[in-house]
Amino acid sequence: MIRVQREDFDVGAELDRLAAGRGSVGGLCAFVGLVRDMSEQRAISVIELEHYPSMTERALERIETQARARWPLDASVVIHRFGRLEPGDRIVLVGTASAHRHAAFEACEFIVDWLKTKAPFWKREHTDAGTRWVEARASDTAALAHWEQGEAAGHDPSNSTRGARKKAAE
Amino acid sequence: MIRVQREDFDVGAELDRLAAGRGSVGGLCAFVGLVRDMSEQRAISVIELEHYPSMTERALERIETQARARWPLDASVVIHRFGRLEPGDRIVLVGTASAHRHAAFEACEFIVDWLKTKAPFWKREHTDAGTRWVEARASDTAALAHWEQGEAAGHDPSNSTRGARKKAAE
Amino acid sequence: MKIVCFAWLREKAGVSEDTVSPPDTVNDVRGLVEWLRAKDPGYADAFEDLSLVRIAVNQEYATLDARLAPGDEIAFFPPVTGG
Amino acid sequence: MKIVCFAWLREKAGVSEDTVSPPDTVNDVRGLVEWLRAKDPGYADAFEDLSLVRIAVNQEYATLDARLAPGDEIAFFPPVTGG
């Protein structure tokens, strides 16, 4: 389930909804992104999140579909806010439900990594030193690349984080 | 923060508490474990969770301390219930807060993997075919072993999941 | 064709939405970018460093080589910073 | 010494908490297990396959080789299944 909205959301209620009526769900994983209070030593008073409406929902739906093809999820939710937000405010929720906890964790982090590098949102920060558009971070692109390498290795869900971690340790 | 209790907990409120007053927190990761409705093709009516009270809190505190030494966490919470639970009920909450989302994800999954193999709780399932003590799964022990391999590689937080995944892909 | 711009690209171009009718020789994104640059100093400023520009055609990520057809919606924006 | 047992080990041993005073020759967990086995058929049943038995001494995981002192609390239980 995808939502792009100006309003806040209720994390507990959204997670309850993921599991409701699905008795096979053994675990939920959730990520909540928040507005931080500092940016490069400056206090943030407010941020604005601009987005590309007609592309956003389509993009989020695609990534949710990919995650559900790649991991055995019973349900998932992605909610991303736009507009004016203050430090401490929730920006994004990604939730995944699965019989298998590791699938829930991996799929959730995959979606978050994807959002950070592909979802058409842009942050502008207001501080006492003025406003600036936040610059994309190379580390976010690198994070997503790891999942794509995993994909190139054959779309085998077991051949992902945990499998790779094991191989590297051997 | 550690709690071992018979009562349910409020996931949204607990996550809010993790971030409250900590403006540097950019992301929260949470895992919620639920009672499933089936076990080996039998419908579960209720489960009982027995624990070893004097050891449990000590053990949970230790793992939380380890996670916080290993990853840059601003806050964390582990709540584990005991007693009589029904399908769909929450069993456990693990929540982590960090400026770095990957640290939040890794620390959360580390704590969950650890709980599954080390925290002194035992589940007894009641089904229409009688009651049985749930048997430990080898896959849970294997999951924890991966973190210990990472630890043997030198306690370097960057040398964990993502680093290993990258190495394996190279 | 419809052009849409976001974030600092929108500010530099001075354009949020624009409807343009380039000549038939403009048949890919690269051609469109060059045509816009020549036409308008705002676009020229926005497209000064193309390594900072991300492109979507009809709401899908695309490259400078993507072919264009009348009625397409072409979006220009900086690397995204949501999440 | 205090003995505590959990889950099916508690049921087989028929003991949840037990206070015992083994002879001085019992100075490690292995010795205690053998002594309990000989003393009581419930413990003998619980300890039939030691590969299924986990041990804690004073609320810390321990092995059969762990040394014991008077006043210790020794726990026996199956592999854990919480979480």
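Per chain, numbering begins at 1; letters A, B, ... match sequence-line order.
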Is the closest basic N to carboxylate O distance between B/Asp10 and B/Arg17 below 4.0 Å?
-> no

Interface residue of largest heavy-atom contact number with chain B, from A/Glu14, A/Met38, A/Arg36, under 4.5 Å | A/Arg36

Side chain / backbone / both / neither for A/Ala99 at chain B, heavy atoms under 4.5 Å | both

Between B/Arg90 and A/Asp16, does at least one N-O distance fall below 4.0 Å, as a salt bridge requires?
-> yes

B/Arg81: which of B/Asp89, B/Val4, B/Val35, B/Val92 passes side-chain contact (heavy atoms from CB on, under 4.5 Å) | B/Asp89

Picking from B/Ile91, B/Leu28, B/Leu15, B/Val11, which has the most non-hydrogen pairs under 4.5 angstrom with chain A?
-> B/Leu28

Residue, of B/Cys29, B/Gly33, B/Ala30, that accumulates the most heavy atom pairs under 4.5 Å with chain A | B/Ala30

For chain B, find which of A/Ala20, A/Ala104, A/Ser24, A/Gly21 contributes the most heavy-atom pairs closer than 4.5 angstrom.
-> A/Ser24

Only one of B/Lys123, B/Arg6, B/Arg124, B/Arg84 passes salt bridge (Lys or Arg N to Asp or Glu O under 4.0 Å) with B/Glu48, and that residue is B/Arg124

Should we say atom CD of B/Glu135 is surrounded by more than 12 heavy atoms from elsewhere, each under 6.0 Å from it?
-> no

Leading residue by heavy atom contact count with chain A [cutoff under 4.5 Å; candidates B/Gly26, B/Ala19, B/Gly12, B/Ala13] | B/Gly26

